[in-house]
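Below, each value reflects all heavy atoms present in this structure, side chains not excepted, and no hydrogens, waters or symmetry copies. We number each residue from 1, following the sequence as shown. In this text, all values refer to a predicted model and were calculated from it rather than measured experimentally.
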Amino acid sequence: MQTPLTSPVPVLRLPRGPDGLSRGFAPDGRRALLKPEVLETLESPVVYECREFQEQRARAALRERYLRSLLAMVGRQVSFTLHEGVHVTAHFGATDLDVANFYVSQLQTPIGVQAEALLRCSDIIAYTFKL
């Protein structure tokens with residue numbers, strides 16, 4: 001019998017391809033231009049990364065840090081800052097696949113405590129939690 005995994009396994013879901021059936025990107029699409037440009041010199045080949053490729057790597061690193069922060073928040077008390085300067089605290093439970101909503105419990109608002117709630121990520125300006 002296999003032992004269960006202690007941490008969730010990350011899943012990568014690629015967008016629909018240009019034909020509408022496959023997953024991935026068009027080989028001649030905008031993302032295909034993000035490959036490093038190689039310039040041949042007499043001494044040795046030098047790889048120059050284009051600006052878009054560097055920006056994409058930076059976005060990927062930021063996305064990974066954000067997803068890791070979501071994993072670290074599970075089961076912890078989190079303070080959220082919402083629009084209009086509203087501060088609420090809750091125990092973080094989960095997020096949906098698109099990271100559009102947070103499921104929280106024991107949501108403490110200025111007008112009372114809600115046992116369970118969904119917070120829209122578009123309403124959240126910042127969140128903090130202790131490790």
Side-chain angles (χ1 to χ4, degrees):
M1 185 170 143
Q2 295 179 342
T3 59
L5 295 174
T6 57
S7 62
V9 177
V11 175
L12 176 66
R13 181 174 292 212
L14 295 174
R16 294 268 180 220
D19 60 359
L21 301 174
S22 65
R23 296 248 179 217
F25 301 106
D28 57 346
R30 181 179 65 89
R31 295 181 188 271
L33 301 175
L34 300 180
K35 296 177 184 173
E37 298 172 7
V38 178
L39 297 178
E40 296 283 338
T41 62
L42 297 175
E43 300 169 7
S44 65
V46 179
V47 176
Y48 293 96
E49 296 176 342
C50 65
R51 184 175 178 193
E52 289 179 1
F53 183 73
Q54 291 173 347
E55 288 176 1
Q56 183 177 357
R57 281 198 344 206
R59 284 192 302 271
L62 289 172
R63 175 81 174 160
E64 181 180 359
R65 287 176 58 187
Y66 175 66
L67 294 174
R68 288 185 185 274
S69 76
L70 292 179
L71 282 174
M73 284 193 324
V74 174
R76 297 183 188 268
Q77 183 81 10
V78 181
S79 297
F80 296 96
T81 303
L82 309 175
H83 289 286
E84 303 293 327
V86 176
H87 296 280
V88 297
T89 59
H91 283 84
F92 184 81
T95 182
D96 59 0
L97 184 64
D98 299 327
V99 192
N101 300 299
F102 288 163
Y103 165 75
V104 296
S105 60
Q106 299 303 313
L107 177 66
Q108 299 173 0
T109 69
I111 58 172
V113 177
Q114 187 73 26
E116 295 179 335
L118 281 177
L119 296 177
R120 293 182 301 197
C121 291
S122 59
D123 293 338
I124 299 171
I125 296 176
Y127 61 85
T128 58
F129 62 98
K130 293 183 181 180
L131 292 176

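Through direct or relayed side-chain contacts under 4.5 Å between Ile, Leu, Val, Met, Phe, Trp and Tyr, Leu62 connects to no other residue. Clustering of Ile, Leu, Val, Met, Phe, Trp and Tyr by side-chain heavy atoms under 4.5 Å joins Ile111 with none of the others.
Sorted by first and then second residue, the salt bridge (charged side-chain N to carboxylate O under 4.0 Å, His left out) pairs involving residues 115-131 (not counting sequence neighbours) are Arg120-Asp123. Within the structure, side chain to side chain donor-acceptor pair (under 3.5 Å) pairs that include any residue of residues 104-114 comprise Thr89-Gln108 (at least two apart or interchain). Evaluation of the ring pair (Phe, Tyr, Trp, His ring centres under 6.0 Å) test over residues 89-128, restricted to residues two or more places apart or in two chains, returns Phe92-Phe102. Counting only residues at least two apart or in different chains, ring pair (Phe, Tyr, Trp, His ring centres under 6.0 Å) contacts with residues 54-81 are absent. The salt bridge (charged side-chain N to carboxylate O under 4.0 Å, His left out) analysis of residues 98-111, with sequence neighbours excluded, yields no pairs.
Rounding to the nearest 0.5 Å places CZ of Arg63 at 13.5 Å from CD of Gln56. Of the inter-residue distances, the one linking Asn101 atom CG with Ser122 atom OG reads 8.0 Å to the nearest 0.5 angstrom.
Leu67 and Val104 fall within the same hydrophobic cluster, defined by Ile, Leu, Val, Met, Phe, Trp and Tyr side-chain heavy atoms under 4.5 Å apart, directly or through other members.
Residues passing the salt bridge (charged side-chain N to carboxylate O under 4.0 Å, His left out) test with Glu55, sequence neighbours excluded: Arg51. Remark: Asp96 pairs with no residue by the salt bridge (charged side-chain N to carboxylate O under 4.0 Å, His left out) rule, at least two apart or across chains. Listed by chain and number, the residues in a salt bridge (charged side-chain N to carboxylate O under 4.0 Å, His left out) with Arg65 amount to none (sequence neighbours excluded). Residues satisfying the side chain to side chain contact (heavy atoms under 4.5 Å, CB included) test with Ile125, not counting sequence neighbours, are His83. Taking the side chain to side chain contact (heavy atoms under 4.5 Å, CB included) definition, one finds that Arg76 meets it with Phe129, sequence neighbours left out.
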Pair Leu70-Val99, side chain to side chain contact (heavy atoms under 4.5 Å, CB included): steps then yes or no: CA-CA 10 Å; Leu70 292 179; Val99 192; 3.9 Å; yes
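Residues Val74 and Gly93 approach most closely at CG1-O, 3.8 Å, considering heavy atoms.
For the pair Leu119 and Ile124, the minimum side-chain heavy-atom distance is below 4.5 Å.
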